[in-house]
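To start, the structure itself, in structure tokens.
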2 protein chains.
Amino acid sequence: MGTTQLETVPEPKYWHLKNVLTEALDSEFSVGEILPNERDLAARYGVARATLRQALEQLELEGRLQRRRGVGTTVAPPRMGVAVGSEEQTWPGEGDDAWQAADCQAAPAPPAVTELLETGREEDVHTVRRTRVSHGQPVAAELLYVPDASVPDLSGIDAPSGAARARAVLRELHRLELEGEYRAVELGSASAEDAKELDRLPGSPVLVVTTRFYAGGRTAAVSVATYRADTCRLTFGDAGGVEIDPTPERRAS
Amino acid sequence: MGTTQLETVPEPKYWHLKNVLTEALDSEFSVGEILPNERDLAARYGVARATLRQALEQLELEGRLQRRRGVGTTVAPPRMGVAVGSEEQTWPGEGDDAWQAADCQAAPAPPAVTELLETGREEDVHTVRRTRVSHGQPVAAELLYVPDASVPDLSGIDAPSGAARARAVLRELHRLELEGEYRAVELGSASAEDAKELDRLPGSPVLVVTTRFYAGGRTAAVSVATYRADTCRLTFGDAGGVEIDPTPERRAS
DNA sequence: TAGTGGTCTAGACCACTGC
DNA sequence: CAGTGGTCTAGACCACTAT
């Protein structure tokens, strides 16, 4: 850095600071290392703590830092790639797919999902909760909505709720022939519930993946999965069998 | 502060405020409507402006609000779905794909891209800039990196740079047989350049879509596209021909 | 208990938009 | 020009984690 022109461009302090810190991160810190605390850092760079925090927030958003209350700020490892969609489409829970079924309740789906499923507004649907763990870390929390019409033979199952019932719902679902998937990704913020499962604070940025599963000419199930945006890079497709560990870029010095 | 419960759950003010505003948005405002200014809103809810802003930032992140300096805060329309990947894989610019080539320069690619392309660190690659407009709004800015090896017959083209050359590069690229695509989506923040193209402030949250195009057993091109996270929902696949306008949920009253 | 990040305040000034 | 959101400050207290 050295220079800084004053001419014509009043670059915000936090933006400049973010760039300075990015370089420092690249050159002077290694993954997992703890940064000085916010008060010290602010003092060192001659800014108010709030301004310093604005820069740190950006860096956290970009996956460069991880902050934990009561602990400190650490240099984050490169984001991990998590496979979300591939060539061969499969039902959730089919094969061994990194997800763990946690629970299943009968409850009305949120309006947005109701519309996709074309179910009644007050109608109960099977609501399966699953979590996904990768590299020992929770990366996603999912709610899978399955209308009773998609799993008509479920009645015989004893377990009224819980993981056992969740697995039963999935098993029944697999009996249908999957005709297609339609997926959407958007930015969201973690609900209180999801935040707890993801070990983050409520409001943390998440990537929301909504998947509609088609069977028998209708939407047979809808999945809403929220991935930690700070630690995950969602991957799609498999590029003709090539599957390289992605994420180059960062390295310690 | 007046009272408020003391029992067990000190919910942050900005979080509570966000929820209150969300309901107000659902019930009392319609798309495009202008909210009261931040100072008035803060006073109305009895919080400092910074706290109010924290709530507004969350809502903007969720795509519910749009804020423009010098103008005001308006209720945002539902996010638009933009198609990013579908069953049939195509080269960028093949068919009529909503993108507009803007420029092309010869320059070294960033390290991350260099690694994917397996080109030399200092080697120049054709760098095509394109923008994508949807519903009259800029939604994405892209940099497409094409090593010379992928377009060997380009030498004869006159235009050294500019849109004409960009189109020429794409045309040459289409002569290769596309063997596969590998895509990744992650959260990022807009660079100063991208921000300008997207009509946003630098640092705004964006969805970064990195695509590797395979041909001849190698990565023949790499595209890095940044989509406005506030206005876009990225869609993948086509679910057997079904293509419904998504995004239910919001409505004015 | 000491130290961290998270929340909140009440001000100030700046940059931009529109009239 | 007046009015908007964007940046910045200097403090305070709270919630959490580790020791």
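Lettering of chains follows the sequences in order, A, B, ..., and the numbering in each one begins at 1.
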Exercise. Crowded around A/N37 CG? As in, over 12 foreign heavy atoms under 6.0 Å?
Worked result: yes
For this session: Please say whether more than 12 non-hydrogen atoms of neighbouring residues, nucleotides or ligands are located less than 6.0 Å from CD in A/Q137.
Result: yes
Check this for me: does any side-chain nitrogen of one of [X] and [Y] sit under 4.0 Å from a carboxylate oxygen of the other?
X	Y	answer
B/K18	B/E60	no
B/R132	B/E142	no
A/D194	A/R200	no
A/R64	A/D26	yes
B/R79	A/E186	yes

Exercise. Within this structure, what is the CZ-to-P distance between A/R53 and C/dT4, rounded to whole angstrom?
Worked result: 14 Å
Exercise. For the pair made of CG in A/L65 and P in C/dT4, what is the distance, rounded to whole Å?
Worked result: 16 Å
Problem set entry | Minimum heavy-atom distance between B/S134 and B/V139, given as atom pair plus value | CB-CG1, 3.9 Å
For this session: Would you name the heavy atoms of B/V146 and B/A221 that are closest together and state the gap between them?
Result: CG2-CB, 4.2 Å
Exercise. Is the side chain of A/R228 donor-acceptor paired with the backbone N or O of A/L198 at a distance under 3.5 Å, no angle test?
Worked result: yes
If you restrict it to nitrogen or oxygen atoms, what contacts under 3.5 Å exist between nucleotides 16-19 of chain C and the protein, and what is each distance?
none

Problem set entry | Interface limits on DNA chain D, where chain A has a heavy atom under 4.0 Å of a nucleotide atom | D/dT7 to D/dT17
Exercise. 5'-most contact on DNA chain C: B/V47 or A/N37, nearest heavy atom basis?
Worked result: A/N37
For this session: Using heavy atoms to find the nearest nucleotide of DNA chain D for B/R39 and A/A50 separately, return the residue whose nucleotide is more 5′.
Result: B/R39
For this session: To the nearest 10°, let me know how far the axis at one end of the helix from C/dT1-D/dA18 to C/dG18-D/dC1 is tilted from the axis at the other, five pairs an end.
Result: 20°
